[in-house]
Visitor: 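The structure follows.
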Amino acid sequence: MELEPLYKPHGVEERWQQTWESEGLYRADAADPRETYVIAVPPPNVTGALHMGHALNGSIQDALIRLHRMQGFNTLWQPGYDHAGISTQAVVERELREQGTSRFELGREKFVERVWEWLHEYGGIIMGQFRRLGCSLDYERERFTMDDGYVRAVMRFFVHLYERGWMYRDNRIINWCSDCRTSISDLEVEYIDVDDALTYARYPLLNGEGSVTIATVRPATILADVAIAVNPDDGRYTHLIGKEALVPVVERRVPIIADERVDPSFGTGALKVTPGHDPTDFEIGRDHDLPELTVIGFDGRMTGDIPPEYEGLTEDEADELVVHWLRDHDQLEKRESYRHAVGHCERSGTRIQPLVSLQWWCDMKELAAPAIEAIESGRVTFHPQVQNRVALDWLKAIRPWNVSRQLWWGHQLPIWYCPDGHVTCSETEPDACAECGSPELTRDPDVLDTWFSSALWPFATLGWPDETPDLRRFYPGDVNSTAREIIFLWEARMVMAGLELIDDIPFHDVIIHSTILAADGRRMSKSLRNGIDPLDLIDEQGADATRYGLLRMSSTQDVRFSAQSIEEGRRLANKLWNASRLLLLGGETEPALRPSSLEERWILARIDATRAELERDLDAFDFAHAAERLYHLTFDDFCDWYLESIKPRLTEPDVRATAFAALERLLKLLHPIMPHVTEEIWSHLPSRESRLIVAPWPRSAAEFAGDLNALEDAQTAARIYRRSGVRINVSGDAKRIFEAVVRPAENGQGDVGAEQARLSKEIQRSEKMLANEKFVANAAPDVVEGERQKLAQYKAELDALGN
RNA sequence: GGGCGCGUAGCUCAGCGGGAGAGCACUCGCUUCACACGCGAGGGGUCGCUGGUUCGAUCCCAGCCGCGCCCACCA
């Protein structure tokens, strides 16, 4: 094969991806007795396409998987998809709308069929895109949160919780999205600052003169008022507690009650209580046994026991009408502009409507306790560590989870009702009501929150609830890597579910990776059009460059996308390619460790030291430093010093054999991050016993450790020569290296004076420090000793310059 | 309102108690027979501001200014 001077990833990468997969090298086998290393991929939405977050996370997980595969672990990287209830349903509904129909016209059964059809046609493309990134997932194991086995796991989980007594049905206030037409969990509500008007309305007091004024941003909800509440310690109002007031418009008599949840400093200090449409009011209402009136329906329009002119109005229209009424009746005190945070559905962007609704809830307290213990004891650790606290704070303040969704796409609740309203909970369809034996059963139409099934991912993908060999072998897993925003939605719930159902944590380490922001520092988003498609990067620069770049720019915090980092990766791939060409163009030689000189032992020591550092980096999930380290090992150590220094001797068989052996090790270290170019080069090397992807990770080479500083004399001589033009005396190995590395052309640009001045300055600084008695007395001995050595070094170099 | 984090070279970021670093960009010199997607040399920073601790502070502490994220039922 012709080795061109420019490495072209296109074609090469696809070829290796196909080879690796078709040779079964991604496969994990439960019968393989070696120690396991397991990662379950965060299942992407089945409707989605690869974005920057997936690409970074894929690079992270694949680096870990490939490292451990080479280290001899039985590695499993589990692939699959999430059915993504709301967004998938929304995608198909949009298509139906475009076709002039709707899911209601189709009916539930037909609609669900339609979703499956849509998915078969357009869904599930990301695994192909992960392949293009070079991700070594065991693709034959692909799972879907809606496949038959998985549905069984979800049903089992629900029934388990029901039987535990943690799953209950209750009329409570929920977050209603009138666009998605479903409730959503607290975690899916996004608070956005909104400019509203704060309306001050006078409520006349009954049996007496005067009125009490309340402030509200939602005048329409006045129609559902059932009380006025004041803080018991608010002296302005204590005399009113126990009295009654008249609600405007509907002229309802309501009590004035005391509750410490009322903030005296807000508005007038008097709160209109609307349990049907406000979470705080709902709590107050429950504690004071107040009725829960509803005046806004699931469609966002006015409804219920209201004056006829309000029926069917939108909330905004009703607001206006109420304000008119107040003005007409001289009960409008004032309106002022008011900016505050209002909950919106993070998916549709619609303003959340707090509504009282009959829903299924999961009490999380007892599930959370073992998860808290697991994190506090360190059995599960988040990286970076600060996230442990974040997760713990949430778990310790955990609230009931509204798990039912008013959708058609998802896992329908395993709940049946008989005509008498008895509840039967069963994994499979029951014949009769568990309580009264009635055969007339109706299944609850709701489906479960998507995250309910996601919580089972680490073990449902391995066959749970069956005791499969895979489950026994590959559970618990090792690592889970994900974005920060799903710590609560997913990570915490996987830990809870794993501990509850299998009595063991699902993984030991959770990597919370960077969010890659656009170059302008904002989130990448479709609407802002500031996103970058990772597939474009792969096409333009190659998967290796993309992987390297993403890891290089990653951090423990959010980062701006850096095109330069990807570019750096491309140059690294090209550099490796050309370094290999240098050796290969001289003909094949069997790799063998036969170092006969200082510089040869030195590069082996450098590679080994980098191996150890790299292992530490990856162990700490510090991918940026891992990438940086490999870059410098390749460019500086391997190419600029080692290859340059042995070039004149590249015809000697032992030098060549050693160089190939050193290159082998270099390729191995780089493979987890840049799998394709390394495998490609590897395939050109003589005597390959296996693919690089499954080649053994280099063992530590302690025998070369003593040669780590071996190059120093030659490096000092070269540096002085290049800067000053002065050739200082070196001998032996150092002289040979010097001659090989320094080119005659570099002569003539040196400036002796500048170099002398620089050294003199350093000497001055060092001498001043050492003359400080307090420094010598107080500083750590090794620091003082180090400073003395530096001074001696500077002086020696200055002497060498002929001073 | 509570919590967390960040402000270091033109850009993107490391460093986090003893000489201010990397990559890119910039300047200069090299058509060196692996690579000009290269090699060598260099310019560029009061390390957000103000105090404090220390022999010594970019690094620790306090306060301030600016930016970001998360959590939270203030109508």
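Lettering of chains follows the sequences in order, A, B, ..., and the numbering in each one begins at 1. No hydrogens, no waters, no symmetry mates; every other heavy atom, side chains included, goes into these values.
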Visitor: Compare side-chain N and O positions of H625(A) against OP1 and OP2 of rA14(B) and report whether any pair is under 4.0 Å apart.
Guide: no
Visitor: Surrounding CZ of R523(A) (heavy atoms of other residues, nucleotides or ligands, distance under 6.0 Å), is the total greater than 12?
Guide: no
Visitor: How many whole angstroms separate atom CD of E628(A) from atom P of rC24(B)?
Guide: 12 Å
Visitor: Can you tell me, in whole Å, how much space there is between the P of rG48(B) and that of rC13(B)?
Guide: 15 Å
Visitor: Closest approach to the side chain of E787(A), judged atom by atom: which nucleotide of rG18(B), rC73(B), rC35(B) is it?
Guide: rG18(B)
Visitor: Would you mind reading off the distance between N388(A) atom CG and rC4(B) atom C1', rounded to a whole angstrom?
Guide: 13 Å
Visitor: If you only use heavy atoms from C-beta on, which nucleotide in rA41(B), rC55(B), rA22(B) is closest to the side chain of H632(A)?
Guide: rA22(B)
Visitor: Which part of the nucleic acid, if any, lies within reach of A780(A) when heavy atoms closer than 4.0 Å are counted: base, sugar-phosphate only, or nothing?
Guide: base
Visitor: What closest approach, in Å, do L576(A) and T678(A) show between heavy atoms, and which atom pair accounts for it?
Guide: CD1-CG2, 4.2 Å
Visitor: Do any side-chain nitrogens or oxygens of R571(A) fall under 4.0 Å of OP1 or OP2 in rC24(B)?
Guide: yes
Visitor: In this structure, how many angstroms lie between the C1' atom of rA75(B) and the CD atom of E315(A), rounded?
Guide: 13 Å
Visitor: What contact category does R484(A) fall into here, base, sugar-phosphate, or nothing, at under 4.0 angstrom with non-hydrogen atoms?
Guide: sugar-phosphate
Visitor: So, is K647(A) near the phosphate of rC39(B), with a side-chain N or O under 4.0 Å from OP1 or OP2?
Guide: no
Visitor: Say we look at rA75(B) and rG17(B): how far apart would their P atoms be, to the nearest angstrom?
Guide: 44 Å
Visitor: Under 4.0 Å between any heavy atoms, over every strand shown, what does F635(A) touch: base, sugar-phosphate, or nothing? Just pick one.
Guide: sugar-phosphate
Visitor: Quick one: closest heavy-atom pair of I538(A) and A543(A), and the distance?
Guide: CG2-N, 3.9 Å
Visitor: Between rG51(B) and rG44(B), how far apart are the P atoms? Round to whole Å, please.
Guide: 28 Å
Visitor: What nucleic acid atoms does E644(A) come within less than 4.0 Å of, heavy atoms only: base, sugar-phosphate, or nothing?
Guide: base
Visitor: Output yes when at least one side-chain N/O atom of R261(A) is less than 4.0 Å from OP1 or OP2 of rC73(B), else no.
Guide: no
Visitor: Between E568(A) (CD) and rU12(B) (P), how many Å, whole number?
Guide: 16 Å
Visitor: Taking the side chain from R656(A) and the backbone from L583(A), do they hold a donor-acceptor pair closer than 3.5 Å?
Guide: yes
Visitor: When we call it a touch if two heavy atoms are under 4.0 Å apart, what does F282(A) touch: a base, just sugar-phosphate, or nothing?
Guide: nothing
Visitor: Using a cut-off of 4.0 Å on non-hydrogen atoms, how would the nucleic acid contact of D393(A) be classed: base, sugar-phosphate, or nothing?
Guide: nothing
Visitor: Consider the side chain of N574(A), meaning its heavy atoms from C-beta on, and name the nucleotide among rA75(B), rC37(B), rA41(B) that approaches it most closely.
Guide: rC37(B)
Visitor: So, Q387(A) versus H383(A): side-chain donor-acceptor pair below 3.5 Å or not?
Guide: no
Visitor: Can a donor-acceptor pair be found between the side chains of N578(A) and R581(A) at a distance below 3.5 Å?
Guide: yes
Visitor: Would you mind telling me which of rG5(B), rG23(B), rC74(B) lies closest to the side-chain atoms of D263(A)?
Guide: rC74(B)
Visitor: Do Q359(A) and S357(A) have side-chain N/O donor and acceptor atoms under 3.5 Å apart?
Guide: yes
Visitor: Surrounding CD of E773(A) (heavy atoms of other residues, nucleotides or ligands, distance under 6.0 Å), is the total greater than 12?
Guide: no
Visitor: CG of L576(A) versus P of rC37(B): gap in Å, rounded?
Guide: 17 Å
Visitor: Give the dot-bracket string for RNA chain B, reading 5' to 3', where a pair is Watson-Crick or G-U wobble with both distances under 3.5 Å, ( ) marks pairs inside the strand, [ ] marks pairs crossing earlier ones, | marks a partner on another strand, and . marks unpaired.
Guide: ((((((((.[[[[.)..(..]]]].(((((.......))))).....[[[[[..)....]]]]])))))))....
Visitor: Would you say S265(A) places a side-chain N or O within less than 4.0 Å of OP1 or OP2 belonging to rC74(B)?
Guide: no
Visitor: In whole Å, measure the gap between the P atoms of rG15(B) and rC60(B) for me.
Guide: 12 Å
Visitor: In terms of the nearest nucleotide of RNA chain B, which residue is placed more toward the 5' end: K790(A) or P264(A)?
Guide: K790(A)
Visitor: Between V390(A) and M553(A), which has a closest nucleotide on RNA chain B that is more 5'?
Guide: M553(A)
Visitor: Does R389(A) have a side-chain nitrogen or oxygen under 4.0 Å from the phosphate oxygens OP1 or OP2 of rG3(B)?
Guide: no
Visitor: Between P on rC13(B) and CZ on F623(A), what's the gap in Å once rounded to a whole number?
Guide: 19 Å
Visitor: Check every atom of rC73(B), rA34(B), rG40(B) against the side chain of R722(A) and return the nucleotide holding the closest atom.
Guide: rG40(B)
Visitor: What is the distance from atom CD of Q564(A) to atom CZ of R552(A), rounded to the nearest 0.5 Å?
Guide: 11.0 Å
Visitor: Report yes if a donor N or O on one partner sits less than 3.5 Å from an acceptor N or O on the other, where the partners are the side chain of E755(A) and the base of rA41(B); otherwise report no.
Guide: no
Visitor: Pick base, sugar-phosphate or nothing for L6(A), based on heavy-atom distances below 4.0 Å to the nucleic acid.
Guide: base
Visitor: Is Y338(A) near enough to rA75(B) that one of its side-chain N or O atoms lies under 4.0 angstrom from OP1 or OP2?
Guide: yes
Visitor: Do you see a donor-acceptor pair shorter than 3.5 Å between the side chains of S514(A) and D558(A)?
Guide: no
Visitor: For nucleotides rU46(B) and rG40(B), find the distance between their P atoms and express it as a whole number of Å.
Guide: 29 Å
Visitor: Looking only at the side chain of V217(A) (C-beta and beyond, no hydrogens), which of the listed nucleotides rA14(B), rC55(B), rA75(B) gets closest?
Guide: rA75(B)
Visitor: Between S565(A) and E568(A), is any side-chain donor less than 3.5 angstrom from a side-chain acceptor?
Guide: no
Visitor: For R649(A) and rC33(B), give me the distance from atom CZ to atom P, rounded to whole Å.
Guide: 21 Å
Visitor: For the pair made of CD1 in I192(A) and P in rC70(B), what is the distance, rounded to whole Å?
Guide: 11 Å
Visitor: Can you check the distance between rG43(B) and rA9(B), where both ends of the measurement are the C1' atom (answer in whole Å)?
Guide: 11 Å
Visitor: In residues 558-567 of chain A, what residues come within less than 4.0 Å of RNA chain B, judged by heavy atoms?
Guide: V559(A), R560(A), S562(A), Q564(A)
Visitor: With sequence neighbours excluded, tell me which residues meet side-chain hydrogen bond (donor to acceptor under 3.5 Å, both in side chains) with E599(A).
Guide: S597(A), R649(A), R736(A)
Visitor: Roughly how far apart, to the nearest Å, are rC67(B) and rU53(B) at atom P?
Guide: 32 Å
Visitor: Do the side-chain N or O atoms of R399(A) get closer than 4.0 angstrom to the phosphate oxygens (OP1, OP2) of rC73(B)?
Guide: yes
Visitor: Give me the distance, rounded to whole Å, that separates rU58(B) from rU8(B) when you measure between the P atoms they each carry.
Guide: 15 Å
Visitor: Has the side chain of D637(A) got a donor or acceptor atom that lies under 3.5 Å from a matching backbone atom of Y642(A)?
Guide: no
Visitor: Do D617(A) and H625(A) pair up side chain to side chain, a donor and an acceptor below 3.5 Å, judged on atom types alone?
Guide: no
Visitor: From rC55(B), rA22(B), rA34(B), pick the nucleotide closest to the side chain of A779(A)?
Guide: rC55(B)
